[in-house]
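Accompanying notes for the structure given below.
The basis for the numbers below is simple: all heavy atoms, side chains too, and nothing from hydrogens, waters or symmetry mates. Worth saying up front: this structure is predicted, and the values here are computed from it rather than measured. Numbered from 1 within each chain, the chains take letters A, B, ... in sequence-line order.
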2 protein chains.
Amino acid sequence: MTVSLASINQDCVDCPIRHRAVCARCDSEELERLEEIKYYRSFEAGQTVVWSGDKMDFVASVVSGVASLTQTMEDGRRQMVGLLLPSDFVGRPGRDHAHYDVVATTDLVMCCFRKRPFERLVDETPHIAGRLLQMTLDELDAAREWMLVLGRKTAREKIASLLAIIVRRDASLHFGEAKSEVTIDLPLTREAMSDYLGLTLETVSRQMSALKRDGVIVLDGKRKVVVPDVDRLMEEAGDDSDGGVLS
Amino acid sequence: MTVSLASINQDCVDCPIRHRAVCARCDSEELERLEEIKYYRSFEAGQTVVWSGDKMDFVASVVSGVASLTQTMEDGRRQMVGLLLPSDFVGRPGRDHAHYDVVATTDLVMCCFRKRPFERLVDETPHIAGRLLQMTLDELDAAREWMLVLGRKTAREKIASLLAIIVRRDASLHFGEAKSEVTIDLPLTREAMSDYLGLTLETVSRQMSALKRDGVIVLDGKRKVVVPDVDRLMEEAGDDSDGGVLS
DNA sequence: CGTCGATTTGAGTTAGCTCAAAAGAGGTGG
DNA sequence: CCACCTCTTTTGAGCTAACTCAAATCGACG
């Protein structure tokens, strides 16, 4: 299942995240400038991409796989603060040390840009700056939605919310048809889910079992989750049935 | 205590948030363009500035006072997702409906910009676009720090974290000297604090009492909080003693 | 002085946590 | 192909931090 570097097409034009990533709005000339400062890196599931506090001399887009941003307290309590799916952006222009641990949750390929030249490009290329602003605003919305989940939802609702988010992200990818039954690939261990949801892994497991018992989800192996009725899932998540907000 | 509109200087050059707000980097010509599309609005404590879902034809900076962004579930559970202090920005260019309730927590003055012209300015003025990106990234960091608070901290740590944040914001304003004793003005009711922290107001009250009993804070009336030892507060918050992160 | 909202305090309940053990699910090597 | 080992997940039993419901106190203002 590992994606080797050799199999990655180096050409932006054929890139799988071409029209969703930070480069989405670039014209071909701008893409050329990006090609000059970019390089790919791949990581195996479980590997740490960057440690919080480390010097970080690149920013990057997730090309394939899943990564997580997590914060850790001295006594070991951990909270995931970002779930990075393909096309998501990592790193902050204008800052040279990482604020969070970045960990590959699955095998991962990232398209990295050397930071200094990228910062220059941001300043000179409104297409990139604008897209970056838009993506940052989206992330801020996602973070705020997550604050509601963390602060006010029950364990069951938290699990349902996480599944709902993955369903929604998935749907916007293979986009279009709003099917009522959906099968998703769950790229997180119970522990990662607990880190995301501010729960213990035992509670996550218990609530997954409960949702299964109640027919909200069907587990197909460890990684596949079938959602027979997406609206039902949304109800369980405590969201409006209209499934989240329009931009 | 109400700030009347008349007392607000309409001239950007003398604006109290001139070098921290979205207009921080603007030159005098750019300020002139902003002056053309700006107007002030003031609100009394408790008033709602915008309802979630409403059409919003402006964006704005908080000039004085405090406002909050909150999300509400159908059954009434509420989570504050943003605390807006002077110089903070409200509204999202490129979106015309509000995603959150915006409520004046204290008497409030906002510097509003008509949305369409402002969006045009963002596109045409790198000084504004860049500053907006920077501010959005800062807000994202704040939101992520808050996710750790909501997901993993105890009630006592949550309270201490909130006080620490206000202390830190205050310090960066009257900036410079890192005093060990600080007095802060607490602009939130117990209920607002509970909305922010994902607690009940009873728990907030109990933990405030506990922190007072233990000498971490001294209450001076209802609105003033004396922190005799800021480092002690930081410890109680569970943060590294080095008081948060460098840019 | 009385009223109304905000805050504090009390008492009992419970959702989610902790600690502990059992059951799966892959891998690896004989 | 099976036995073994390790890592993940599930399940159980008891505990506790925070919640709920209720009442008392405080403070500002007319």
Residues forming a salt bridge (Lys or Arg N to Asp or Glu O under 4.0 Å) with [X], sequence neighbours excluded:
| X | value |
| --- | --- |
| Asp57(A) | none |
| Arg190(A) | none |
| Asp141(B) | Arg92(A), Arg95(A) |

Next item on the list: Output all residues satisfying side chain to side chain contact (heavy atoms under 4.5 Å, CB included) with Arg20(A), sequence neighbours left out; order by chain, then residue number.
Entry: Ser87(A), Arg169(A), Ser172(A), Leu173(A)

Can you name the residues that form a side-chain hydrogen bond (donor to acceptor under 3.5 Å, both in side chains) with [X], not counting sequence neighbours?
| X | result |
| --- | --- |
| Thr154(A) | Glu157(A) |
| Asp54(B) | none |
| Asp229(A) | none |
| Thr203(A) | Thr200(A) |

Check: Does anyone know the first and last nucleotide of DNA chain D in reach of chain B, 5' to 3', at under 4.0 angstrom to a heavy atom?
Finding: dA18(D) to dC21(D)

Check: Under 3.5 Å, is there a donor-acceptor pair between the Ser161(B) and Lys153(B) side chains?
Finding: yes

Checklist line | Nucleic acid contacts of residues 149-158 of chain A, taken as heavy-atom distances under 4.0 Å to DNA chain C | finding: Thr154(A), Ala155(A)

Next item on the list: Give Gly221(B) one of three labels, base, sugar-phosphate or nothing, depending on what nucleic acid heavy atoms sit under 4.0 Å from its own.
Entry: nothing

Checklist line | Nearest-0.5 Å distance, OG of residue Ser68(A) to CG of residue Asp195(A) | finding: 8.0 Å

Margin query: How long is the straight-line distance from CG of Leu163(A) back to CG of Leu188(A), given to the nearest 0.5 Å?
Written below: 9.5 Å

Notebook entry, point to check: If you fit an axis to the five pairs at each end of the helix from dC1(C)-dG30(D) to dG30(C)-dC1(D), how big is the angle between those two axes, to 10 degrees?
Noted result: 30°

Check: Just by protein heavy atoms under 4.0 Å, how would nucleotides 4-12 of chain C read 5' to 3' in B, S and -?
Finding: ---SBBBB-

Note to self: Distance to the ring centre below 6.0 angstrom and angle to the axis at most 45 degrees; does that hold for Arg78(A) and Tyr196(A)?
What the structure shows: no

